[in-house]
Amino acid sequence: MERIILDVDTGHDDAVAIDMAAGCSLIKIEGIIATAGNTVLKNSLENTLNLTDALKLDAPVYAGSNGPLLRSQVTAGSIHGQNGFEGPVFGPRVKQVQDGNFIEFIIDTVMRNPGEISFVSVGPYTDLAIALKAEPALARNLKRIVLMGGSSTLGNVTSSAEFNIYADPEAAQIVFHSGADIYLMPLDCTLNVVLNPEIQQRLYSVGGKAIELFKASMTYYIESCRRYIHDYPAMHDPCCIAYLIDPQMFEFTNEEIDVETKGDLAYGRTCLGRSLTDFNVHFARNVNTKRFWDVLCNSFQQLKERIG
Ligand code: BDR
Ligand code: CA
């Protein structure tokens with residue numbers, strides 16, 4: 001059983017990460033934190049509450065940070081749409097935001113369960129950086145940190161920077177230097193997990209409520225990726241959950257990572273140091289995509305059995 005705190009900026013591929021985790025009995029979600037990233041906090045929170053309500057997920061949903069530590073806020077409306085999760089239509093919902101502060105939630109949950117909790121961040125790393133600053137001992141009490149972000153080559157926002165790092169480079173620098181055991185899913189890996197028509201058909205044929213929402217969201221996402229990226233969408237964020245479910249599907253190298261926080265042109269770039277075995281960031285280089293789609297398909301099947 002993998003116990004996780006999941007930090008999201010929902011977001012189309014964030015939603016798939018939630019689907020994958022919610023549908024897998026090997027994952028126990030202790031809590032979800034919605035943060036600003038793809039869209040402003042209000043939308044990210046609304047989108048996360050709507051989806052978790054529809055999935056009948058009983059994990060608490062906290063409001064995270066409403067912007068990055070230092071830089072001015074950037075969002076990804078061109079890809080994810082005006083509300084950050086255009087496509088699916090949700091009915092009235094029961095689920096409400098959890099009372100309480102996300103920083104206290106992180107610190108309490110991790111410190112009461114030393115070595116048990118993995119922190120999974122698939123948006124900008126602002127919330128985790130704030131918690132690590134407030135309680136540096138989190139780094140050695142977390143089982144591990146699993147992150148989506150970065151690239152060893154080109155970025156996807158600028159030629160140098162990937163979105164999650166670009167949206168809060170100073171937070172990313174804090175996290176990479178926290179001393180925690182980190183598994184990073186960069187573009188080098190996630191861009192291989194492409195939702196092509198064959199995979200769409202396979203997933204859509206599972207059917208059920210979760211697939212209906214997924215289909216509506218992917219119909220929008222596919223069109224915006226065709227317009228802006230000229231390709232089918234990559235399933236970036238669910239790679240973090242897939243790692244926890246079936247780690248053997250990924251290939252890693254160990255890296256020392258610094259984030260460029262000074263330069264204009266390369267602001268937000270993940271700079272890789274020497275490849276040695278004692279460096280704390282496990283940098284995903286590749287993934288067995290067949291195993292990835294099997295895991296996602298299985299989660300949707302489980303969700304269908306649970307919620308129809
Ligand atoms: C990352 O940026 C966001 O738009 C996605 O949700 C993902 O977390 C990919 O660069
Ligand atoms: Ca995201």
Side-chain angles (χ1 to χ4, degrees), residues 4-21 32-41 43-48 51-52 61 64-65 68 73-88 119-128 145-169 171-172 175 183-195 214 217-218 220-225 227-229 231-243 259 267-270 283-284 287:
I4 67 169
I5 297 173
L6 180 56
D7 195 290
V8 290
D9 59 334
T10 318
H12 291 84
D13 57 328
D14 303 73
V16 185
I18 295 171
D19 290 332
M20 188 185 272
I32 299 182
I33 304 170
T35 200
N38 284 325
T39 184
V40 295
L41 176 61
N43 292 342
S44 159
L45 187 55
E46 186 77 7
N47 297 339
T48 307
L51 180 64
T52 53
V61 174
S65 310
Q73 187 165 21
V74 285
T75 57
S78 56
I79 295 288
H80 297 273
Q82 210 178 5
N83 77 359
F85 190 32
E86 295 289 345
F119 194 99
V120 182
S121 184
V122 297
Y125 312 155
T126 318
D127 300 339
L128 180 54
I145 293 172
V146 189
L147 306 167
M148 191 280 136
S151 167
S152 73
T153 57
L154 294 174
N156 60 358
V157 187
T158 69
S159 57
S160 294
E162 179 280 331
F163 178 78
N164 287 343
I165 309 272
Y166 185 72
D168 200 343
V175 172
Y183 288 79
L184 181 66
M185 301 292 158
L187 297 178
D188 307 59
C189 170
T190 64
L191 284 174
N192 295 308
V193 189
V194 176
L195 191 76
F214 171 76
S217 98
M218 288 301 125
Y220 182 93
Y221 196 40
I222 288 164
E223 182 53 27
S224 38
C225 289
R227 222 173 317 127
Y228 289 98
I229 305 171
D231 202 354
Y232 291 108
M235 293 293 101
H236 304 287
D237 294 345
C239 284
C240 293
I241 305 296
Y243 167 71
V259 180
Y267 188 53
R269 182 183 190 92
T270 39
F283 188 97
V287 54

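In listed order, ligands and their atoms are each counted from 1. Bear in mind that the values here come from a model prediction, so they are computed numbers and not experimental data. The chain is numbered in sequence order, starting from 1.
In this structure, atom 4 (O) of ligand 1 lies nearest to the protein heavy atom Asn38 OD1, 2.6 Å. Looking only at heavy atoms of the protein, atom 6 (O) of ligand 1 is closest to Asp13 OD1, 2.6 Å. Protein heavy atom closest to atom 8 (O) of ligand 1, with residue, atom name and distance, is Asp237 OD1, 2.6 Å.
The closest donor-acceptor contact from the side chain of Glu86 to the backbone of Gly81 lies at 3.5 Å or more, if one exists at all. Under the 3.5 Å distance criterion, the side-chain polar atoms of Asp127 are left unmatched by any main-chain donor or acceptor of Gly64.
When all heavy atoms are compared, the tightest approach of Thr190 to Ala234 is O-CB, 3.5 Å. Asn38 and Asp9 get closest at one heavy-atom pair: N-OD2, 2.7 Å. Pairing each heavy atom of His80 with each of Tyr220, the nearest pair is C-CE2, 3.9 Å. The minimum heavy-atom distance linking Val122 with Asn164 is given by the pair O-ND2, 3.3 Å. The two residues Pro169 and Tyr267 have their closest heavy-atom pair at CG-CZ, 3.5 Å.
With a 4.0 Å heavy-atom cut-off, ligand 1 is reached by no atom of Thr190. Contacts with ligand 1 closer than 4.0 Å are made by backbone heavy atoms (N, CA, C, O) of Val122 only, the side chain lying farther away. Here His12 has no heavy atoms under 4.0 Å from ligand 1, in either its backbone or its side chain.
Residue-ligand proximity, Asn156 to ligand 1, at heavy-atom distances under 4.0 Å covers atoms 9 (C), 10 (O). Annotation for ligand 1: atoms under 4.0 Å from non-hydrogen atoms of Asn164 are 1 (C), 2 (O), 7 (C), 8 (O). Shown in contact with His236 at under 4.0 Å from a heavy atom are these atoms of ligand 1, numbered in order with element: 9 (C). Which parts of ligand 1 touch Glu162 is read off a 4.0 Å heavy-atom cut-off, strictly below it: atoms 1 (C), 2 (O), 9 (C), 10 (O).
In summary, no N, O or S atom of Gly37 is located under 3.0 Å from the Ca ion (ligand 2).
Nearest N/O/S atom of Asp237 relative to the Ca ion (ligand 2): this is OD2. Sorting the N, O or S atoms of Asp9 by how far they are from the Ca ion (ligand 2) puts OD1 first.
Atom CG of Leu195 sits about 10.5 Å away from atom CG of Asp231, to the nearest 0.5 Å. The OH atom of Tyr125 lies 12.5 Å from the OG1 atom of Thr35; values are rounded to the nearest 0.5 Å.
Inter-residue side-chain proximity for Met235 and Met218 is flagged as met; some heavy-atom pair is nearer than 4.5 Å.
The O atom of Val122, the Ca ion (ligand 2) and the OD1 atom of Asp14 define an angle of 130° (nearest 10 degrees).
Within the 4.0 Å heavy-atom shell around ligand 1 one finds Asp14.
Checked by distance only, ligand 1 and His80 come closer than 3.5 Å through their nitrogen or oxygen atoms.
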